[in-house]
There are 2 protein chains.
Amino acid sequence: MNFQQLRIVRETVRQNFNLTEVGNALFTSQSGVSKHIKDLEDELGVELFVRKGKRLLGLTDPGKELLEIVERMLLDAKNIKQLAEQFANRDQGMLTVATTHTQARYALPRVVAGFKHEFPKVHLALHQSSPHELVHLLKTGEADIGIATEALDDEPELVCFPYYEWHHAVVVTQNHPLLEQSALTLESLADYPIITYHEGFTGRAKLDQAFAAAGLVPDIVLTALDADVIKTYVELGLGVGILASMAFDPRKDDGLVLLDTQHLFPQNVTRIAVRRGHYLRAFAYRFMELCSSQLKESVIRNSLNSRSRTDDLD
Amino acid sequence: MNFQQLRIVRETVRQNFNLTEVGNALFTSQSGVSKHIKDLEDELGVELFVRKGKRLLGLTDPGKELLEIVERMLLDAKNIKQLAEQFANRDQGMLTVATTHTQARYALPRVVAGFKHEFPKVHLALHQSSPHELVHLLKTGEADIGIATEALDDEPELVCFPYYEWHHAVVVTQNHPLLEQSALTLESLADYPIITYHEGFTGRAKLDQAFAAAGLVPDIVLTALDADVIKTYVELGLGVGILASMAFDPRKDDGLVLLDTQHLFPQNVTRIAVRRGHYLRAFAYRFMELCSSQLKESVIRNSLNSRSRTDDLD
DNA sequence: GATGCTTACGATACCCGTAAAGATA
DNA sequence: TATCTTTACGGGTATCGTAAGCATC
């Protein structure tokens, strides 16, 4: 048994049991891949893959159990390398943060600036993606840290921490009839066409939830992935915008007016997530502490070790 | 990085940093060992061992962190082999149970007989040892299951389950003055020389505890590792014996009399322990279930996965 | 017929063990 | 001096990639 065999087993599953692709993905020959699998199966005395003739179709029962262990071992192998990196060059290396448009554009610039200043030699890669893709990036180890409002909890492989809280707000054009109202209500909002985030993005679920609870069916005419698109179409008069309040800049968005709606929609919590068992460099912990001063390295390490999933602070 | 290097790192620590011994332990040359260590350090770019000239003295900080991961990886490597074994020969293989004299002699015969009957092809090895040695056997993977009354809890690497409860009892020769008393007390016991277990064995701590709480200093004239020795010297008139009640057989021990002392000493709990992260064969789970019908495979697996240490049932 | 897996085979790189030299106690 | 580690070197083995042969779709 060697590491190449383990890598091949893992990659075979990832590449849908196409050994040619496995060879490509691991920069080796397909014949070698085939032989390695055979050798491993011979050594263990168990068939790991379900075959139909020569084609591989899936994992056998022992294969499935083995895969779990293999994943952990390869993660550990990677951890060893990270660990060495960490000690070889304490303030040098690579940090990949996967996040959504909203966080990248409005919440993180401050953090990134501070981090860059503190660790000029660290190559910081910001990876913008959807919340679901983000979870995948964390799981595969392509990203070290994930930051989003959606999809992060309910993932047993991840540990997440609250980063900050925020509310949705409404933006309208100047002279919009809603500006006349003294207190904005869900009912009056529902009278107008609405422009907001796509499902699964930036707290959209909380919006739907609020309308549904009030027995209202809003007329959502455009769903966007980011606030810039929303604002653009609100300015065009297509409808009323609902977006994260921090996405509104009174200086730059001078054609629009922000209406406070803290009383209408539930609070949102943006979270920071890391993969359980993934070794983090010291500067990665520092990045999270820059996000929220409560997130000390010791606090995070603790939560990583206890396998519980109730990781909220306070 | 390969497995041989990892094995060498682990073995180097185990052999107190003597590379010659490492070579012997791993059945390879010492020069190879030396080179492997150097190669690994070069690859990782970090010194793993503290050196004084050419001699290795200990682990560096990165070495310590690395060792933790290495231990886990090698355990996983072993787990993979066990897993394969399990599927290749479901009812065939090897099970090593480490336990103390008391359990081996009085509690386990019933279980072992049942197990042998159910799994005739499994090679069951009973490994008699002291509670502390037993913990070591579990940690190094030399034993799959450990059974003892002492030393098993307070080991974060182990998960333990209650097996059965028992009490100490007093044995005396026929016609002993204590037989005249209506209700036995600690005070009257302390009037006689006492023969009981060695410290760290078979609930001895509970005995000391009970005497200390009563402000008594018992005159312990002989400490033994097992009940047979205790009974022998009680018969010789050396003193009063205190032993586990199940170690008394009225049929065979006809020169002695058992006095019930449930009210004098705290209850003891004998526990079954397994190492966290150690893959167990299906028949190993079955062995534990034979010990206590509450210990279903699913129950044990659950406790192994949650890292909490409060593993008592109900 | 196109894609995908296995087997065969030669080149290469890696690993091991012996032996000699150097360091440490 | 005895023990221990490193380095050098030769032999053996395992791994890799090309290419050819088959099976599957």
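Keep in mind that the numbers below use all heavy atoms, side chains included, and drop hydrogens, waters and symmetry copies. Quick caveat: nothing in here was measured; it's all calculated off a predicted structure. Reminder, nothing fancy here: chain letters follow the sequence lines and each chain counts from 1.
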Side chain to side chain, [X] and [Y], heavy atoms closer than 4.5 Å:
X	Y	value
B:H36	B:L40	no
A:M288	A:L280	yes
A:D61	B:F87	yes
A:H198	A:R204	no
B:L74	B:R10	yes

Go through the structure and list residues passing salt bridge (charged side-chain N to carboxylate O under 4.0 Å, His left out) with [X], not counting sequence neighbours.
X	result
A:E41	A:R51
A:K296	A:E289
A:D226	none
A:K116	none

*Please list, in 5' to 3' order, the outermost nucleotides of DNA chain D lying under 4.0 Å from any heavy atom of chain B.*
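Counting from the 5' end, contacts occupy D:dT3 to D:dT7.
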
*Among B:I37, B:L19, B:L57, B:T60, whose side chain to side chain contact (heavy atoms under 4.5 Å, CB included) with B:F49 holds?*
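One option only clears the test, and that one is B:I37.
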
Would you list the atom pairs, donor with acceptor, under 3.5 Å between side chains in residues 132-145 of chain A and any protein atom, with sequence neighbours excluded?
from   : atom 1 : to     : atom 2 : distance (Å)
A:K139 : NZ     : A:E155 : OE1    : 3.0
A:T140 : OG1    : A:H136 : O      : 3.1
A:T140 : OG1    : A:L137 : O      : 3.3
A:T140 : OG1    : A:E142 : OE2    : 2.7
A:D144 : OD1    : A:H278 : NE2    : 3.0
A:D144 : OD2    : A:T96  : N      : 2.9

*With A:N18, which residues qualify under side-chain contact (heavy atoms from CB on, under 4.5 Å), at least two apart?*
A:T20, A:E21

So what does [X] touch, heavy atoms closer than 4.0 Å: a base, only the sugar-phosphate, or nothing?
X	result
A:F49	nothing
B:K38	sugar-phosphate
B:T28	sugar-phosphate

*Boundaries of the chain B footprint along DNA chain C (any atom under 4.0 Å from a heavy atom)*: C:dC15 to C:dA25

_Can you give me the bend angle of the helix from C:dG1-D:dC25 to C:dA25-D:dT1? Use the axis through the first five pairs and the one through the last five, nearest 10 degrees._
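Angle reported: 40°, given to the nearest ten degrees.
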
*Determine, using ring centers only, whether B:F283 and B:F287 are less than 6.0 Å apart.*
no

*Ring centre gap for A:F3 and B:F3 strictly below 6.0 Å*: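 Close enough - the centres of the two rings lie under 6.0 Å apart.
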
*asked:* Quick check: on DNA chain D, is the nucleotide nearest B:L19 upstream (toward 5') of the one nearest A:H36, or the reverse? Name the residue that is more 5'.
replied: B:L19

*asked:* What residues from residues 52-62 of chain B pass a heavy-atom cutoff of under 4.0 Å to DNA chain C?
replied: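 Here the set is B:K52, B:G53, B:K54, B:R55.
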
*Give, ordered by number, those residues of residues 2-14 of chain A having at least one heavy-atom distance below 4.0 Å to an atom of DNA chain C; if nothing qualifies, reply none.*
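Correct list: empty, so none.
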
*Which pairs count as side chain to side chain donor-acceptor pair (under 3.5 Å) when at least one residue sits in residues 83-93 of chain A, sequence neighbours excluded?*
A:E85-A:R281, A:Q86-A:R281

